[in-house]
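In each ligand, atom 1 is the first atom listed, and ligand 1 is the first ligand listed. All residue numbers refer to positions in the sequence shown, counting from 1.
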Amino acid sequence: MDVLSDISSLRERLKRESSVSLVPTMGGLHDGHLSLVHLARMKADCVVTSIFVNRLQFSPTEDFDRYPRALADDCKLLEQWGTSVVFAPSEHTLYPVLQEFMVEPPPLANSLEGEFRPGFFRGVATVVLKLFNIVQPQIAVFGKKDYQQLHLVRELVRQFNYSLEIVAGETVRAPDNLALSSRNRYLTPETRAEAARLYQVLAQVKCQIEKGNTCFDDLERNATGILFEHGWKTDYISVRHAHTLAPAHEGDEDMVVLGAAQLRGTRLIDNVELHLES
Ligand code: PAF
């Protein structure tokens, strides 16, 4: 496995590869990333995993400084998992000058995550576009855990005519169904014991919809209430159309219940998909 930090060495290394798949990450790797690398390996001969904590997608009040950085440990895992190349650029390599050109995402980027993290998807779309241009993969793998991010990356590829297949990885969960996330490291033993409730309330909303309840507002309100009773501050619980992420309507078959909430200072997000037979 090669660990490279500059763009010219990476391009030189990738010259000999006929098919490349990219797994973009910010490091702090866990088994969720492993499943993405696994998918990438099935799709191409050469797997590039990028590790870059992208300042552009963090607001000044967010956790950029304390975001887990463990390059040596991450590289050990990536070697075991069969990554061919780790691309771990410095900030200066990726942003040698002030990044003034930015990718302006569509209005959807201002709702859900975007409502609570202004500028987040602008930063994500800009770095993802740069990574696509640098690595020039045929395949890129993103996790469904960041469902809105996956949706917007697909739109970016479509609207900018990239010849690139986006592959979606299923969310990997702990035995109690907590979605794996690098930010789970911020949880204390007490908050870790409570953290799976976010998944539970989303799964309950899914279950109610499957039973025929289409009062989505009520379901969202009830879920928020349950979280509140257990010490959470909910940013959103929202039932959306799975393919457009527009608010769900009665008659929709493919839906996704998305949620984000804070538990004593740690913000967690999750989602569950559902399909109603017509
Ligand atoms: O999902 C992430 O880890 C990041 O948002 C990404 C896609 C690597 C861009 O920085």
Side-chain angles (χ1 to χ4, degrees), residues 5 7 10 20-37 39-40 47-59 62-71 73-75 77-78 81 83 85-91 93-95 99 102-105 108-109 112-114 116-135 137 139-157 160 162 164-172 179-186 245 258 260 267-271:
S5 58
I7 296 171
L10 178 75
V20 174
S21 54
L22 170 68
V23 183
T25 81
M26 297 206 300
L29 302 182
H30 49 70
D31 283 354
H33 295 109
L34 164 64
S35 76
L36 304 183
V37 171
L39 275 177
V47 175
V48 177
T49 301
S50 62
I51 299 183
F52 181 70
V53 185
N54 176 38
R55 191 187 288 275
L56 281 192
Q57 68 192 69
F58 289 78
S59 75
E62 288 184 324
D63 56 344
F64 175 78
D65 287 330
R66 73 172 181 136
Y67 197 86
R69 286 169 179 81
L71 184 61
D73 292 347
D74 287 347
C75 286
L77 291 171
L78 288 170
W81 298 345
T83 282
V85 178
V86 177
F87 177 51
S90 66
E91 272 200 275
T93 297
L94 225 53
Y95 299 118
Q99 185 72 29
M102 302 283 276
V103 178
E104 196 55 51
L108 173 66
L112 301 168
E113 279 304 280
F116 296 90
R117 306 185 69 189
F120 172 65
F121 287 116
R122 220 169 158 237
V124 169
T126 302
V127 79
V128 163
L129 191 85
K130 282 171 80 91
L131 289 168
F132 288 170
N133 287 335
I134 292 167
V135 180
I139 313 283
V141 188
F142 290 81
K144 283 192 186 178
K145 155 113 184 336
D146 297 297
Y147 207 88
Q148 190 182 8
Q149 170 173 281
L150 169 67
H151 175 88
L152 287 166
V153 168
R154 282 193 199 284
E155 276 306 298
L156 174 125
V157 165
F160 282 108
Y162 268 86
L164 168 69
E165 184 192 348
I166 299 297
V167 174
E170 294 299 327
T171 302
V172 178
L180 299 193
S181 159
S182 308
R183 288 190 168 97
N184 290 353
R185 295 171 197 207
Y186 302 155
L245 291 191
L258 302 128
R267 187 173 186 277
L268 301 176
I269 69 170
D270 202 350
N271 64 78

Could I get the full list of side-chain contact (heavy atoms from CB on, under 4.5 Å) partners for R267, not counting sequence neighbours?
E113, F116, R117, D235, Y236, A260, Q262, I269
Indicate the ring-plane relationship of F58 and F64, choosing parallel, tilted or perpendicular according to the 30° and 60° boundaries.
perpendicular
N/O to N/O under 3.5 Å, ligand 1 against protein:
| residue | atom | partner | partner atom | Å |
| --- | --- | --- | --- | --- |
| ligand 1 | 1 (O) | Q149 | NE2 | 2.8 |
| ligand 1 | 5 (O) | Q57 | NE2 | 3.0 |
| ligand 1 | 5 (O) | Q149 | OE1 | 2.8 |
| ligand 1 | 10 (O) | Q57 | OE1 | 2.7 |

Quick one: does R185's side chain have a donor or acceptor within less than 3.5 Å of a partner on G28's backbone?
yes
Student check: side-chain heavy atoms of V85 and V20 closer than 4.5 Å
no
So, N54 versus Y67: side-chain donor-acceptor pair below 3.5 Å or not?
no
Any side-chain heavy-atom pair of Q148 and F121 under 4.5 Å:
yes
